[in-house]
Amino acid sequence: MKPLHYFYSILVLLLIYSCGENQENSELPEYRFQTDNNISNPEPIPIQDKRKKHGLKPYYVMNKQFGMPVGAMPIPGNWEKKEQNSKNIYFADPNGVEVYGEVSNSFFYSNSPERNQYTLQTGSQVKPVKSIQRLIEEELKPLVEAEGYRFKNQFPLPQLAQFDNRFNSYLFKSTPEQRQNDCIVTEWENSEGKSMMVIVRYYIAQYTSIGGLDWGYTLNSLTAPKSEFENAKNAYINSLVNFEINPKWVQAHNQYYAHLAQQNNSRHQQRMANIQAQGEQIRAAGRASSQALDNQYNSWRRRQASSDASHSNYIDGIYERRNMADPSGNTYKIEGYENNVWMNNNNEYIATDNSLYNPNIDNTTNDYNWQQLEESGYDY
């Protein structure tokens, strides 16, 4: 069988065949991992004991980054690891069973077009969410049918979904997420007497604090003659559900990525502090420039006011004008130097040196109401 497709890896922690990150090491001793992965058995049987009782052997999924196993999966004793090949066959046995390398695909999606565009620019895929059933109908079926297989049956596998959820919960998260896992087993057959199983391991991870979500799937598949199919199918499902996680690897993984997140956060905070400091410098320079302009303007206003006052006094001196005020405090420019000055509501005034004169009792002027003005001095 040709490989189903080569997808970008999303569950690198459990990959049987992925980008050289994990590899088999047959020289390792048989580990006894302390694990709570007891979905099938209240008290998990160590893999070496299972081999004695059920003909199983441990396959260690190695992590080159930390130089230790991610964990071990119990596989039938007659399954042998295959070298890398164009058909993506990972395990095979003498009875014609072929187990293929695990392949995965992942996407991001947000209601924000800007975030989707940014994600595309970083090289990641953006795609609206599909349900697991739509995924099977629209993407898996055309792919498998193109290899000459027809769909036969499907059933849920909640034990594997529970395992995926538990495994993910052990791992450090720099961003809080709400994760949902689902798992469906699909069965197929062709006209040549072969059967196929494809397990679809589906997930959605929502990031409520920052918005958006990741979603995707991993495919685990095998083919076998019809006479071997049921045993091979059950053996492979058992190996995935009973994967024994190495707690030392979990610890090393979490310490590394927690430290990396802390470094990234420190760098981010430093960048924000630098931006803020630069902004404050710009604002301080702006305030200083504004203050300088204000000072210049205020100085100009003082000079202008002084100039205006001097100019006014100069003009008043030429035209022999003086400032006089009415009882309400209103000031007027009055020509001449007469001591007795009266003004009506039309701003008309009468000036005389006769201190006894009052236009309010003068029959020629008493049609108006007159107010006597008082000297108020020059404006200096």
Tell me whether the centres of the aromatic rings in Tyr256 and Phe66 are closer together than 6.0 Å. yes
Using salt bridge (charged side-chain N to carboxylate O under 4.0 Å, His left out) as the criterion, list what pairs up with Lys82, not counting sequence neighbours. none
Quick check on the 6.0 Å ring-centre criterion: do Phe91 and Tyr59 meet it? yes
Tell me, please, which residues at least two apart from Glu228 pass salt bridge (charged side-chain N to carboxylate O under 4.0 Å, His left out). none
Residue list, salt bridge (charged side-chain N to carboxylate O under 4.0 Å, His left out) with Glu348, at least two apart or on another chain: none
For Gln206, give me all partners under side chain to side chain donor-acceptor pair (under 3.5 Å), at least two apart in sequence or on another chain. none
Which residues end up grouped with Ile361 if you chain together Ile, Leu, Val, Met, Phe, Trp and Tyr wherever their side-chain heavy atoms are less than 4.5 Å apart? none
Geometric cation-pi criterion, Lys87 with Tyr100: 6.0 Å, 45°: no
Side chain to side chain donor-acceptor pair (under 3.5 Å) partners of Asn153, counting only residues at least two apart: Glu187
Using the test ring-ring contact (aromatic ring centres under 6.0 Å, His included), find all partners of Tyr207 that sit at least two apart in sequence or belong to another chain. none
With sequence neighbours left out, write down each residue that passes side chain to side chain donor-acceptor pair (under 3.5 Å) with Glu177, or none if nothing qualifies. Asn168
Test: Lys127 cationic atom under 6.0 Å from Phe108 six-membered ring centre, within 45° of axis: no
With sequence neighbours left out, the residues meeting side chain to side chain contact (heavy atoms under 4.5 Å, CB included) with Asp182 are Ile132, Tyr202
Suppose clustering is done on Ile, Leu, Val, Met, Phe, Trp and Tyr with side-chain heavy atoms closer than 4.5 Å. Which residues sit in the same group as Trp342? Ile350, Tyr357, Tyr368, Trp370
Would you call the rings of Phe107 and Tyr217 parallel, tilted or perpendicular if under 30° counts as parallel and over 60° as perpendicular? tilted
With Lys130, which residues qualify under salt bridge (charged side-chain N to carboxylate O under 4.0 Å, His left out), at least two apart? Glu138, Glu139
Run the side chain to side chain donor-acceptor pair (under 3.5 Å) test against Gln154 and tell me which residues pass, sequence neighbours left out. Gln133
